[in-house]
Amino acid sequence: MTSVPLPSALSPSRASDFLQCPLLFRFRTIDRLPESPSPAALRGTLVHACLERLYELPAETRTPRTAVGLVDPQWDRLRTKDPTVEELFEGEQEREEWLESARTLVRRYFELENPGALEPQDREMRLQVSLPTGLRLRGYVDRLDVAPGGQIRVVDYKTGKSPHPRFEDKAKFQIFFYAVMIWRDLGVVPSRLQLVYLGGKGAVRWYDPTEEELRAAESEISDIWARIEEAGRTGEWAPKPSKLCGWCEHQALCPEFGGTPPPLPTA
């Protein structure tokens, strides 16, 4: 039995947190420390919402102009839901420049795919499955395409730039995580896993996984969970210093920066 309240299911983002830094996982998942939203993360939410709504429109109307026209209404929806997001911007000009950067990403999408020729089976598909080991996984798939022959394509939108292949491990891990969930939920190995990068010049990367590769990914996920459970038993959530520390909001509580983590909550 663990000594701290661990999550009831593991998501791709939380698994990535643990791989990046076990202490970060603890701060976000166990301590649930608040984090300030960033303009970049908010833009990602906005662009994802626009691409999701785009596929609600008739195929012949899915044009760049129509898609860009979704940005302002979706922004209004976001700030109505959470008025504090307005505080991320110094003024109207900065907010408008930010909105224009979102419009640029939406336009670039049309350079990478032809939405008029696609009819996704699901968008923002919520998955929750249990592995044979009993471990529960959950997550949201941006888009699921199913061909007439039954082949499945999993699509994940990324609003950042396409990384060098040497640094693509995180994105690859996450989309294979989704593939494992779909495989276990539907009993079908996805034919293609596709990453659509909208930042920079835009790029599309893909993988055509085998069942053997999904079994290996499933084993890796189970191993991550075993390490999380071990940390929960021992209370040892070790920091893992890296270049990403510069982006972390919890440096004041991190031993690597002279801080002291708060007492662990009890189950």
### Query
Is it the case that one hydrophobic cluster holds both Leu118 and Ile152, taking links as side-chain heavy atoms less than 4.5 Å apart, direct or via other members?
no
### Message
side-chain hydrogen bond (donor to acceptor under 3.5 Å, both in side chains), that's the test. Do His250 and Glu35 meet it? Break it down for me.
### Response
CA-CA 9 Å; His250 308 301; Glu35 293 185 355; 2.8 Å; yes
### Message
Any carboxylate oxygen within less than 4.0 angstrom of a Lys/Arg side-chain nitrogen, looking at Arg103 and Asp72?
### Response
yes
### Query
Should Asp169 and Lys172 count as an ion pair when the cut-off is N to O under 4.0 Å?
no
### Query
Without hydrogens or angle criteria, can the side chains of Thr63 and Thr66 be said to hold a donor-acceptor pair below 3.5 Å?
yes
#### Entry: Rounded distance (nearest 0.5 Å) linking atom CG of Leu51 with atom CD of Gln74
10.5 Å
#### Entry: Pair Glu229-Leu6, side chain to side chain contact (heavy atoms under 4.5 Å, CB included): steps then yes or no
CA-CA 8 Å; Glu229 288 187 313; Leu6 296 179; 4.1 Å; yes
### Message
To the nearest 0.5 Å, what is the distance between OG on Ser11 and OH on Tyr178?
### Response
8.0 Å
#### Entry: Salt-bridge criterion met for Glu87 and Arg79 (N-O under 4.0 Å)
no
### Task
Output yes when a side-chain donor or acceptor of Lys240 lies under 3.5 Å from a complementary backbone atom of Leu19, and no otherwise.
yes
### Message
Using a strict threshold of under 4.0 Å (side-chain N to carboxylate O), is an ion pair present between Arg233 and Glu230?
### Response
yes
### Query
In terms of hydrophobic clustering (I, L, V, M, F, W, Y; side-chain heavy atoms under 4.5 Å; direct or indirect links), are Leu10 and Ile175 co-clustered?
yes
### Pairwise ring-ring contact (aromatic ring centres under 6.0 Å, His included) hits with a residue in residues 108-131, at least two apart
Tyr109-Tyr157
### Query
Does a salt bridge link Arg107 with Glu100, judged by any charged N lying under 4.0 Å from a carboxylate O?
yes
### Task
Would you mind checking if Glu86 and Arg95 are paired as a salt bridge, meaning a charged N to carboxylate O distance below 4.0 Å?
yes
### Message
Test of understanding: clusters of I, L, V, M, F, W, Y form through side-chain heavy atoms closer than 4.5 Å, transitively. Do Met125 and Val154 belong to the same one?
### Response
yes
#### Entry: Cluster overlap Val196 with Val68, hydrophobic side-chain contacts below 4.5 Å
yes
### Task
Give every residue pair that meets the ring-ring contact (aromatic ring centres under 6.0 Å, His included) criterion with at least one member in residues 203-243, sequence neighbours excluded.
Phe25-Trp237, Phe176-Tyr207
### Message
If I take atom NZ from residue Lys201 and atom CG from residue Leu112, how far apart are they, to the nearest 0.5 angstrom?
### Response
13.5 Å
### Task
Check the surroundings of atom CZ in Arg32: do more than 12 heavy atoms from other residues, nucleotides or ligands lie under 6.0 Å from it?
no
### Task
In sequence, state the C-alpha distance, the side-chain angles, and the governing distance for Val106 and Leu198, and then conclude on side chain to side chain contact (heavy atoms under 4.5 Å, CB included).
CA-CA 8 Å; Val106 171; Leu198 302 173; over 6 Å; no
### Task
Answer yes if the side chains of Arg153 and Ser191 hold a donor-acceptor pair under 3.5 Å, and no otherwise.
no
### Query
Taking side chain as C-beta onward, heavy atoms only, is Thr29 less than 4.5 Å from Pro7?
yes
### Query
Can you check salt bridge (Lys or Arg N to Asp or Glu O under 4.0 Å) on Arg227 and Glu236, steps first, answer last?
CA-CA 11 Å; Arg227 289 158 57 192; Glu236 296 179 5; over 6 Å; no
### Query
Any chance the side chains of Arg43 and Thr159 put a donor and an acceptor closer than 3.5 Å?
no
Distance-only check: which donor-acceptor pairs under 3.5 Å involve side-chain atoms of residues 132-141, not counting sequence neighbours?
{"unit_1": "Thr133", "atom_1": "OG1", "unit_2": "Leu135", "atom_2": "N", "d": "3.4"}
{"unit_1": "Tyr140", "atom_1": "OH", "unit_2": "Arg126", "atom_2": "NE", "d": "3.4"}

### Query
Under 4.5 Å between side-chain heavy atoms, hopping through other hydrophobics if needed: is there a path connecting Val188 to Phe177?
yes
### Message
Other residues, nucleotides and ligands only: do more than 12 of their heavy atoms fall within 6.0 Å of CD on Glu92?
### Response
no
### Message
salt bridge (Lys or Arg N to Asp or Glu O under 4.0 Å) for Arg143 and Glu124? Distances and angles first, verdict last.
### Response
CA-CA 6 Å; Arg143 199 180 86 218; Glu124 284 297 310; over 6 Å; no
### Query
Roughly how far apart are Glu249 CD and Cys254 SG, rounded to 0.5 Å?
14.0 Å
### Query
Would you find more than 12 non-hydrogen atoms of other residues, nucleotides or ligands less than 6.0 Å from Glu212 atom CD?
no
### Task
Quick one: pull up NZ in Lys81 and OG1 in Thr45 and give me the separation to the nearest 0.5 Å.
9.0 Å
### Distance (rounded to the nearest 0.5 Å) between Gln174 CD and Ser16 OG
4.0 Å
### Task
State, without any angle test, whether Gln194 and Glu113 hold a side-chain donor-acceptor pair at a distance under 3.5 Å.
yes
### Query
Hey, are Arg26 and Asp31 close enough for a salt bridge, meaning a charged N less than 4.0 Å from a carboxylate O?
yes
